[in-house]
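In what follows, a structure is listed as structure tokens, so that the remarks can point back to it.
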Amino acid sequence: MTKIIILLSTYSGAKYLKNQIDSLLSQTYDDFRIIARDDGSGDESFSILKSYDKIEIVESQQNLGAKGSFAELLGYAVKHTDGEFFMFCDQDDVWKNDKIKKTLAKMREMENEYEDIPLLVHSDVVVVNNNLEVMAGSFWKFQNIDPSRDALSYLLFQNTVTGCTMMINRKLANLVGKIPTEAIMHDWWIAMVASC
């Protein structure tokens with residue numbers, strides 16, 4: 001079966017974290033590993049991560065911010081796993097139970113079409129409030145984002161890829177390398193590398 005690695009970065013998100021982890025563990029597609037890194041939380045986030053035996057924790061000693069934390073996670077996963085695909089998981093999201101299944105299906109479709117090249121798939125998001133009440137059915141419409149504008153010339157000015165929706169294959173993960181400190185966010189950098 002396919003090896004999917006879910007990369008979860010946390011930072012003082014205990015209020016939301018359990019709901020997110022439970023949504024991961026409720027996926028209809030279950031052949032995945034969760035690798036998490038806490039970025040120096042001042043709340044119970046790290047304890048919550050440790051309470052789940054299905055989560056592998058990357059030990060950390062410093063606060064790197066979201067970009068740096070996800071960069072550390074991706075680097076670790078590429079080096080220490082045989083994962084074929086990598087997904088990025090925000091601590092305050094709740095995934096629909098068929099998210100991995102649908103994303104993987106699209107990735108497989110793209111592999112069939114484009115064969116053996118670096119690939120990234122991503123989707124829209126439903127915007128909700130703290131009580132999971134829908135504020136906007138489409139993040140793209142909410143933020144006036146046109147996801148078809150994925151050429152590097154567009155991506156240099158506006159990111160159209162939301163990190164918590166993307167799946168990348170190992171070929172792209174190997175190309176991403178160390179995310180530069182000058183990059184605005186990890187998802188934006190990965191999208192630009194994929195576009196190139």
Is there a path from [X] to [Y] through hydrophobic residues (I, L, V, M, F, W, Y) whose side chains come within less than 4.5 Å of each other?
X: Tyr16; Y: Val127; value: no
X: Ile100; Y: Ile55; value: yes
X: Leu64; Y: Leu74; value: no

- Task: Might you confirm whether atom CG of Asp53 has over 12 heavy atoms from other residues, nucleotides or ligands at distances under 6.0 Å?
- Result: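 Counting neighbours around CG of Asp53, 12 or fewer heavy atoms of other residues, nucleotides or ligands fall under 6.0 Å, so no.
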
- Check the surroundings of atom CD in Glu44: do more than 12 heavy atoms from other residues, nucleotides or ligands lie under 6.0 Å from it?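 Open: at most 12 neighbouring heavy atoms sit under 6.0 Å from CD of Glu44.
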
- Message: I'd like to know if Asp116 and Lys171 make a salt bridge, using a cut-off of under 4.0 Å between side-chain N and carboxylate O.
- Response: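 Counted as a salt bridge, because a side-chain N and a carboxylate O are separated by less than 4.0 Å.
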
- Message: Assess whether a salt bridge exists between Glu113 and Lys106, defined as any Lys/Arg side-chain N lying under 4.0 Å from an Asp/Glu carboxylate O.
- Response: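 No, Glu113 and Lys106 are not salt-bridged.
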
Backbone N or O of [Y] within a donor-acceptor pair of the [X] side chain at under 3.5 Å?
X: Arg33; Y: Ile4; value: no
X: Ser60; Y: Gln62; value: no
X: Ser26; Y: Ser23; value: no
X: Thr165; Y: His122; value: no
X: Asn19; Y: Val94; value: no
X: Gln91; Y: Ile21; value: no
X: Asn97; Y: Gln27; value: no
X: Thr103; Y: Lys99; value: yes
X: Asp90; Y: Asp93; value: no

- Cation-pi geometry met for Lys54 and Phe32 (6.0 Å, 45°):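 Positive - Lys54 is close enough to the ring of Phe32 and near enough to its axis.
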
Please check if any side-chain donor atom of [X] sits under 3.5 Å from a side-chain acceptor atom of [Y], or the reverse.
X: Tyr114; Y: Glu109; value: no
X: Asp98; Y: Tyr29; value: no
X: Tyr11; Y: Asp43; value: no
X: Thr10; Y: Asp38; value: yes
X: Ser9; Y: Ser69; value: yes

- Test salt bridge (charged side-chain N to carboxylate O under 4.0 Å, His left out) on Glu84 and Arg108 and set out the steps. CA-CA 11 Å; Glu84 293 177 53; Arg108 290 293 191 208; 3.7 Å; yes

